[in-house]
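Since we're looking at a predicted model, the values are computed, not measured.
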Amino acid sequence: MRKEDKGAIIEQLTATVKEYPNFYLTDIEALNAEKTSKLRRECFKQEVKLVVVKNSLLKKALENVDGDFSSLHDAMKGNTAVMFSQVANAPARLIKDFTKDTKGEGKPQLKAAYVQESFYIGAENLEALVTIKSKNELIADVIALLESPAKNVISALQSSGQTIHGLLKTLEER
């Protein structure tokens with residue numbers, strides 16, 4: 001591969017890493033062509049960008065991004081496919097679901113992940129990554145917590161005949 005071609009690939013990878021806040025390093029070498037196509041279709045449906053990369057070019061691309069990604073270097077051995085996603089747990093869920101479908105035959109394996117500015121090294125972190133809540137899920141949880149007291153006050157006012165004494169009595173009971 002010519003030096004110019006490598007430079008173009010590194011620039012493209014750098015731009016992709018900057019565009020997506022979360023990425024997973026996976027090994028899909030054991031997948032045959034049919035299963036690889038199925039995985040690519042699932043990635044497309046889940047808005048996960050799947051890219052097969054040379055480890056040396058990915059390392060150079062990560063050097064062009066703010067932050068220290070040297071923790072991932074040990075995971076960049078052998079064949080590496082990178083799953084880029086805006087949603088933190090989407091690739092983990094995809095890997096887990098795909099693993100169920102293939103019944104242990106030639107499944108994608110998690111090597112490492114960079115999710116919500118944290119590093120996860122090794123396949124044993126897959127379950128933890130599946131349970132990570134996305135930013136939107138966390139915002140929804142906070143809003144639900146904030147709405148809960150307001151709903152209690154409103155229901156107390158409605159049930160107590162809208163008097164202060166009735167409100168205090170209802171709140172004390174709860």
Side-chain angles (χ1 to χ4, degrees), residues 1-65 67-141:
M1 185 182 293
R2 293 185 342 206
K3 189 174 183 177
E4 296 84 23
D5 295 337
K6 287 181 182 179
I9 291 170
I10 290 169
E11 284 180 33
Q12 185 178 7
L13 278 172
T14 301
T16 305
V17 169
K18 288 179 179 178
E19 180 183 349
Y20 292 92
N22 310 296
F23 62 89
Y24 289 59
L25 304 179
T26 60
D27 180 4
I28 61 171
E29 179 182 21
L31 297 178
N32 62 25
E34 179 185 342
K35 291 177 183 166
T36 302
S37 293
K38 183 179 177 184
L39 178 63
R40 288 185 180 278
R41 282 191 299 276
E42 289 300 316
C43 286
F44 182 77
K45 287 179 190 173
Q46 301 288 329
E47 296 181 4
V48 173
K49 184 174 183 171
L50 179 68
V51 181
V52 178
V53 297
K54 291 186 89 169
N55 293 321
S56 58
L57 299 180
L58 180 59
K59 285 178 186 176
K60 293 209 181 278
L62 291 174
E63 289 172 3
N64 296 336
V65 179
D68 179 18
F69 292 92
S70 61
S71 303
L72 299 174
H73 288 187
D74 288 341
M76 290 187 222
K77 290 184 172 66
N79 289 333
T80 302
V82 185
M83 299 173 105
F84 295 98
S85 178
Q86 296 292 338
V87 180
N89 61 3
R93 287 182 179 173
L94 194 128
I95 291 169
K96 185 176 179 180
D97 291 344
F98 197 82
T99 302
K100 286 180 192 173
D101 293 344
T102 59
K103 299 178 181 125
E105 302 170 7
K107 55 188 171 187
Q109 184 169 353
L110 176 70
K111 293 166 107 178
Y114 177 73
V115 177
Q116 296 178 345
E117 300 178 5
S118 297
F119 296 99
Y120 298 85
I121 311 296
E124 63 274 3
N125 289 305
L126 183 61
E127 283 300 319
L129 290 165
V130 167
T131 60
I132 286 178
K133 291 189 176 189
S134 69
K135 182 179 178 181
N136 289 340
E137 289 171 326
L138 289 173
I139 290 171
D141 286 350

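The closest donor-acceptor contact from the side chain of Q86 to the backbone of E19 lies under 3.5 Å. Distance alone, capped at 3.5 Å, places no donor-acceptor pair between the N89 side chain and the L129 backbone. A distance-only check finds a donor-acceptor pair linking the side chain of T26 to the backbone of A81 [under 3.5 Å]. Judged by distance alone, the side chain of D27 and the main-chain N or O of Q109 form no donor-acceptor pair under 3.5 Å. Side-chain atoms of K111 come within 3.5 Å of backbone atoms of K77 as a donor-acceptor pair (strictly under, hydrogens ignored).
Contact record, V115 with A88: CG1-CB, 3.5 Å, taken as the closest heavy-atom pair. Here the shortest heavy-atom pairing between V48 and A90 reads CG2-CB, 4.1 Å. Heavy atoms only, all atoms of each residue included: P108 and I28 are closest at CB-CG2, 3.8 Å. Of all non-hydrogen atoms in K35 and F98, the two that sit nearest each other are O-CZ, 3.4 Å.
In this structure the side chain of L110 never reaches within 4.5 angstrom of the side chain of Y120, judged on heavy atoms. Counting heavy atoms from C-beta on, the side chains of V82 and L13 never come closer than 4.5 Å. For the pair I95/M83, a side-chain contact is recorded, criterion being any heavy-atom separation below 4.5 Å from C-beta on. Within the 4.5 Å cutoff, the side chain of L39 has heavy atoms near those of the L94 side chain. Contact annotation: the side chain of L50 never approaches that of F44 to less than 4.5 Å [non-hydrogen atoms, C-beta and beyond]. In this structure the side chain of L62 reaches within 4.5 angstrom of the side chain of M76, judged on heavy atoms.
Partners of T14 according to the side chain to side chain donor-acceptor pair (under 3.5 Å) rule, which considers only residues two or more places apart in sequence or in another chain, are N64. Under the side chain to side chain donor-acceptor pair (under 3.5 Å) criterion, N79 pairs with E29, sequence neighbours left out. Every residue meeting the salt bridge (Lys or Arg N to Asp or Glu O under 4.0 Å) condition with E42, not counting sequence neighbours, appears here in chain and number order: K45. Residues passing the side chain to side chain donor-acceptor pair (under 3.5 Å) test with E127 are K96, sequence neighbours excluded. Taking the salt bridge (Lys or Arg N to Asp or Glu O under 4.0 Å) definition, one finds that D5 meets it with R2, sequence neighbours left out. Not counting sequence neighbours, the partners of Y114 by the ring pair (Phe, Tyr, Trp, His ring centres under 6.0 Å) test are F23, F69, F119.
Rounded to the nearest 0.5 angstrom, R93 CZ and T131 OG1 are separated by 9.0 Å. Of the inter-residue distances, the one linking S56 atom OG with I10 atom CD1 reads 7.5 Å to the nearest 0.5 angstrom. Separating the OG1 atom in T80 from the CG atom in L25 is a distance of 6.5 Å, to the nearest 0.5 Å. S118 OG to N125 CG: the interatomic distance, rounded to the nearest 0.5 Å, is 11.0 Å. To the nearest 0.5 Å, atom OG of residue S85 and atom CD of residue Q46 are 9.0 Å apart.
Dense packing is recorded around NZ of K59, with more than 12 heavy atoms of other residues, nucleotides or ligands lying under 6.0 Å away. A 6.0 Å sphere centred on CD of E117 holds no more than 12 heavy atoms belonging to other residues, nucleotides or ligands.
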